[in-house]
> 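One structure coming up, written as structure tokens, with questions to follow.
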Amino acid sequence: MSGNQRGVQDRRTAPHRRLTLDIERVLGVSARQAIRAEFRYDPALPLTVSVEFLSEGGPRVLWRIGRDLLKQGLYTMSGLGDVRMWPSSLGEGATARLQLTSRDMAALFELPVPPLAAWLEHTYSLVPAGQELAGVDWGVTTADLLHGPGEPSE
């Protein structure tokens, strides 16, 4: 199939890649809450994945999480500080736990590994590991840091 066909987007130029998962918020040993999580990847911001958590009757909560942290966390302990992820069960129904903390909240989620792993692999086909910063114009970026965006450099 060609990216030029009607209704077909070219994978390399599509602005966002999305994955919607039904996950669980772990409230206690035997208490869980069903949550919907929408994962979004934008190749223009290749280091991060945006995750929006949607709970019935609750507010939408958006977190930006490192793509590499998510991938590593599917198989081993990953992350420091506010975002941590680790595998919680192996095998056919493999799951991983995602812990998010901030000043005013803490939440623990259980995520299904197979669909998240497949989706993350797709993001790496869009922007391969190690190539995330290949398109950065370091001269412009450095000038923006030193002089502010849009200000002429001397």
> Examine W63 and L108 and state if one hydrophobic cluster contains both, with Ile, Leu, Val, Met, Phe, Trp and Tyr joined whenever side-chain heavy atoms are less than 4.5 Å apart.
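Looking at the clustering, L108 is in a separate group from W63.
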> Among the clusters formed by ILVMFWY side chains lying less than 4.5 Å apart, do M105 and M85 turn up in the same one?
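Yes, it is one cluster - the side chains of M105 and M85 are joined through contacts under 4.5 Å.
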> Going through the distances and angles, do R18 and E38 end up as a side chain to side chain contact (heavy atoms under 4.5 Å, CB included)?
CA-CA 7 Å; R18 297 175 189 256; E38 185 176 278; 2.7 Å; yes
> Is S89 reaching over with its side chain to a backbone N or O of A94, donor-acceptor style, under 3.5 angstrom?
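Absent.
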> Can you check side chain to side chain contact (heavy atoms under 4.5 Å, CB included) on T20 and F39, steps first, answer last?
CA-CA 6 Å; T20 301; F39 294 77; over 6 Å; no
> Walk me through whether K71 and E121 qualify under salt bridge (Lys or Arg N to Asp or Glu O under 4.0 Å).
CA-CA 9 Å; K71 183 178 180 184; E121 284 305 314; 3.3 Å; yes
> Over all heavy atoms of both residues, which pair between A106 and R25 is shortest? Give the atoms and the distance, please.
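Smallest heavy-atom distance, with atoms named: O-NH2, 3.1 Å.
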> Specify the closest pair of heavy atoms between I65 and L69, including all atoms of both residues, with the distance to one decimal.
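Minimum heavy-atom separation between I65 and L69: CG2-CD2, 4.0 Å.
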> Flag yes if L45 and Y41 sit in one hydrophobic cluster, no otherwise; membership is Ile, Leu, Val, Met, Phe, Trp, Tyr, and two members link when side-chain heavy atoms are under 4.5 Å apart.
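Cluster IDs for L45 and Y41 differ.
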> Could you check if a side-chain atom of R17 sits within less than 4.5 angstrom of a side-chain atom of L126, using non-hydrogen atoms only?
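Yes, at least one pair of side-chain atoms sits under 4.5 Å.
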> Can the positive tip of R67 be found less than 6.0 Å from the middle of the six-membered ring of Y124, inside 45° of the ring normal?
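Verdict for Y124: a cation-pi partner in R67.
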> Would R97 and T95 count as a side chain to side chain contact (heavy atoms under 4.5 Å, CB included) if you check the C-alpha gap in whole Å, the side-chain angles of each, and the deciding distance to 0.1 Å?
CA-CA 7 Å; R97 297 251 169 122; T95 60; 5.9 Å; no
> Tabulate below the donor-acceptor pairs under 3.5 Å that side-chain atoms of residues 46-57 make, not counting sequence neighbours, or state none.
residue : atom : partner : partner atom : Å
E52     : OE1  : R40     : NH1          : 3.2
E52     : OE2  : R60     : NH1          : 3.3

> Side chains of L21 and P112: closer than 4.5 Å at any heavy-atom pair?
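L21 reaches P112 side chain to side chain.
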> What's the verdict on side chain to side chain contact (heavy atoms under 4.5 Å, CB included) for R84 and S78, showing C-alpha distance, side-chain angles and the deciding distance?
CA-CA 6 Å; R84 295 176 189 227; S78 179; over 6 Å; no
> With hydrophobic residues grouped by side-chain heavy-atom distances under 4.5 Å, do L111 and L19 end up in a single group?
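Yes, it is one cluster - the side chains of L111 and L19 are joined through contacts under 4.5 Å.
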> In this structure, would V26 and I35 fall into the same cluster of hydrophobic residues linked by side-chain contacts under 4.5 Å?
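No: no chain of side-chain contacts under 4.5 Å links V26 to I35.
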> Measuring from I23:CD1 to R32:CZ, what's the distance to the nearest 0.5 Å?
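Reported value, rounded in 0.5 Å steps: 11.0 Å.
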> First locate atom CG of L74, then atom CG of L116, and finally report the distance between them rounded to the nearest 0.5 Å.
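Rounded to the nearest 0.5 Å, the CG-CG separation comes to 5.0 Å.
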